[in-house]
Structure formats: structure tokens, C-alpha cells
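Working notes, beginning with the structure itself.
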Amino acid sequence: MSVVVPRNFKLLEELEASEKGTGDMSISMGLVDPDDIFLTEWNASILGPGVSPFDGQLYELRVTCGDDYPQRPPVVRFVTRINLTCVDQRTGMVTSELPAIANWNRSMSIESVLVAIKNLMTSPQNRRLPQPAEGSRF
């Protein structure tokens with residue numbers, strides 16, 4: 001029988017790891033409100049990967065971890081406009097076309113979703129998509 005880590009403990013671990021700078025250095029994340037004891041609303045950013053149309057651009061995202069996190073994936077929305085196959089072009093919401101959302105399990109993390117998005121930026125189908133003007137927002 002495995003131990004189920006409570007929601008806030010898992011989120012505190014994720015916050016601590018982000019603040020210490022462990023993990024992927026092209027990704028950052030933190031709480032929107034440092035006094036949010038429920039650890040619900042997060043700001044995140046992804047630095048576009050080299051050798052891609054996104055190279056050197058900083059993309060801002062909002063992440064919401066609902067009461068059912070980590071049983072269910074976080075809700076992720078781009079603030080910075082981007083054209084990816086897994087992003088709704090009307091709202092900026094990351095859809096279940098992203099494998100990390102579609103195949104979510106509780107051992108995954110906010111960072112694992114953000115890394116999956118960054119990796120998708122280098123896929124052939126996304127490299128060919130026209131991109132909005134730098135700095136535009138949803």
C-alpha cells in the first residue's frame with residue numbers, strides 16, 4: 001500500500017524546489033500571492049528553447065491547482081500569445097492534446113507539464129506554425 005501525499009504537502013514540495021532552482025532552468029514558477037495558504041494560483045514562465053521559432057522568447061503562463069490536484073492536472077493558460085497545437089487560440093488554455101495533461105498521474109508535477117510544453121515547442125508540427133507578434137497577449 002502506497003502513501004498518498006496530501007495536496008498542500010505536494011504543492012509545498014513543488015514550490016520549494018522551484019525556489020531553490022532545482023530542475024529545468026528554462027522554467028520558473030511561483031505563487032501569484034505569497035500569502036495564498038491554499039497554493040492555488042501560480043505564475044510560470046518558459047524560456048523558448050534554442051533552435052526553434054521560440055528561441056530566446058519568454059512566455060508567461062498562469063497555473064491553477066484546484067482542490068482535486070494532484071488527482072487531476074493543473075489548469076494551465078498562456079498569458080503570452082503563442083501558437084501551439086495544444087493551445088486554444090481563443091483563450092490560451094492548454095488542452096488535453098498535451099500528453100502530460102492527457103496522461104496525467106499524481107506523481108507528475110506542475111514543472112512536468114511546463115517541461116512537456118517546452119519540449120512540444122521543438123516538435124516539427126509546431127515549428128511550422130506561424131507565430132503571433134512578440135509580446136502580444138491573450
Side-chain angles (χ1 to χ4, degrees):
M1 180 178 190
S2 65
V3 175
V4 176
V5 177
R7 175 190 181 277
N8 281 13
F9 287 8
K10 179 167 176 50
L11 286 169
L12 281 170
E13 287 175 1
E14 293 186 46
L15 179 61
E16 183 178 356
S18 176
E19 289 175 343
K20 287 183 176 180
T22 60
D24 190 319
M25 297 308 293
S26 63
I27 297 199
S28 66
M29 59 186 202
L31 290 172
V32 169
D33 176 4
D35 296 326
D36 176 7
I37 61 171
F38 297 108
L39 311 170
T40 302
E41 296 293 330
W42 298 63
N43 285 320
S45 62
I46 299 173
L47 182 61
V51 299
S52 78
F54 312 98
D55 185 12
Q57 295 185 49
L58 189 65
Y59 294 93
E60 181 184 349
L61 302 93
R62 283 296 288 264
V63 179
T64 303
C65 296
D67 292 341
D68 53 0
Y69 182 86
Q71 285 84 2
R72 300 233 185 270
V75 175
V76 180
R77 181 180 66 82
F78 273 87
V79 174
T80 308
R81 190 168 282 283
I82 190 169
N83 191 5
L84 293 174
T85 55
C86 67
V87 176
D88 182 312
Q89 290 305 298
R90 292 168 287 132
T91 63
M93 298 296 288
V94 176
T95 67
S96 60
E97 288 183 42
L98 181 71
I101 298 288
N103 302 316
W104 177 263
N105 68 68
R106 71 175 293 118
S107 68
M108 296 170 76
S109 65
I110 297 168
E111 183 181 20
S112 62
V113 172
L114 298 174
V115 167
I117 293 169
K118 185 190 81 167
N119 292 340
L120 199 62
M121 291 176 173
T122 62
S123 72
Q125 68 266 31
N126 285 312
R127 295 173 67 94
R128 291 189 295 267
L129 293 175
Q131 293 303 315
E134 189 172 342
S136 58
R137 300 166 83 73
F138 280 103

Exercise. Within a reach of under 6.0 Å around CZ of R127, are more than 12 heavy atoms found that belong to other residues, nucleotides or ligands?
Worked result: yes
Exercise. About how many Å separate CD1 of I110 and CE of M108, when rounded to the nearest 0.5 Å?
Worked result: 12.0 Å
Exercise. Would a 4.5 Å heavy-atom cut-off, applied to side chains only, mark D24 and E111 as touching?
Worked result: yes
Exercise. Side chains of L98 and V76: does their closest heavy-atom pair fall under 4.5 Å?
Worked result: no
Exercise. Is the closest side-chain heavy-atom distance between I101 and V113 below 4.5 Å?
Worked result: yes
For this session: Find out whether W104 and S96 are in side-chain contact, i.e. whether some heavy atom of one side chain is under 4.5 Å from a heavy atom of the other.
Result: no
Exercise. Under a 4.5 Å cut-off applied to non-hydrogen side-chain atoms, are L114 and M29 in contact?
Worked result: yes
Problem set entry | same_hphob_cluster(L47, L120) at 4.5 Å side-chain heavy-atom cutoff | no
Exercise. Roughly how far apart are R77 CZ and L61 CG, rounded to 0.5 Å?
Worked result: 9.0 Å
For this session: Working to the nearest 0.5 Å, report the span between CD of Q131 and CZ of R81.
Result: 11.0 Å
Exercise. In Å, rounded to the nearest 0.5 Å, how long is the span from CZ of F38 to CG of D33?
Worked result: 12.0 Å
For this session: Would you check if the side chain of T95 reaches a backbone N or O of C86 as a donor-acceptor pair within less than 3.5 Å?
Result: yes
For this session: Please report the shortest heavy-atom distance between V79 and R62, naming the atom on each side.
Result: CG2-CG, 3.8 Å
Exercise. Any side-chain heavy atom of F54 sitting closer than 4.5 Å to one from K118?
Worked result: no
Problem set entry | Heavy-atom closest pair, residues P132 and S136 | CB-OG, 3.5 Å
For this session: Could you tell me whether N105 atom CG has more than 12 heavy atoms of other residues or ligands within 6.0 Å of it?
Result: yes
For this session: To the nearest 0.5 angstrom, please state how far the CD1 atom of I82 sits from the CD atom of Q57.
Result: 8.0 Å
Problem set entry | Neighbour count >12 (heavy atoms, 6.0 Å) for atom CD, E134 | no
For this session: State, with a plain yes or no, whether a side-chain heavy atom of T85 is found less than 4.5 Å away from one of L129.
Result: yes
Seminar exercise, completed: Scanning both residues in full, the closest heavy-atom pair of G48 with M121 reads CA-SD, 4.2 Å
Exercise. Out of curiosity, does L84 fall in the hydrophobic cluster containing M93 (side-chain heavy atoms, cut-off under 4.5 Å, transitive links)?
Worked result: no
Exercise. Can you find a pair of side-chain heavy atoms, one from V94 and one from F78, that are under 4.5 Å apart?
Worked result: yes
Problem set entry | Nearest heavy-atom neighbours spanning G30 and L15 | CA-CD1, 4.3 Å
Exercise. For R72, does its backbone N or O pair with a side-chain atom of D68 as donor and acceptor, under 3.5 Å?
Worked result: no
Exercise. Can you tell me how far the OG atom of S18 sits from the CG atom of L11, to the nearest 0.5 Å?
Worked result: 12.0 Å
Exercise. Under the side-chain hydrogen bond (donor to acceptor under 3.5 Å, both in side chains) criterion, do S45 and E60 qualify, and how do the steps go?
Worked result: CA-CA 5 Å; S45 62; E60 181 184 349; over 6 Å; no
Exercise. Between I37 and N8, what is the shortest heavy-atom contact and its length?
Worked result: O-ND2, 3.4 Å
Problem set entry | Non-hydrogen atoms of R7 and L39 that approach each other most closely | NH2-O, 3.8 Å
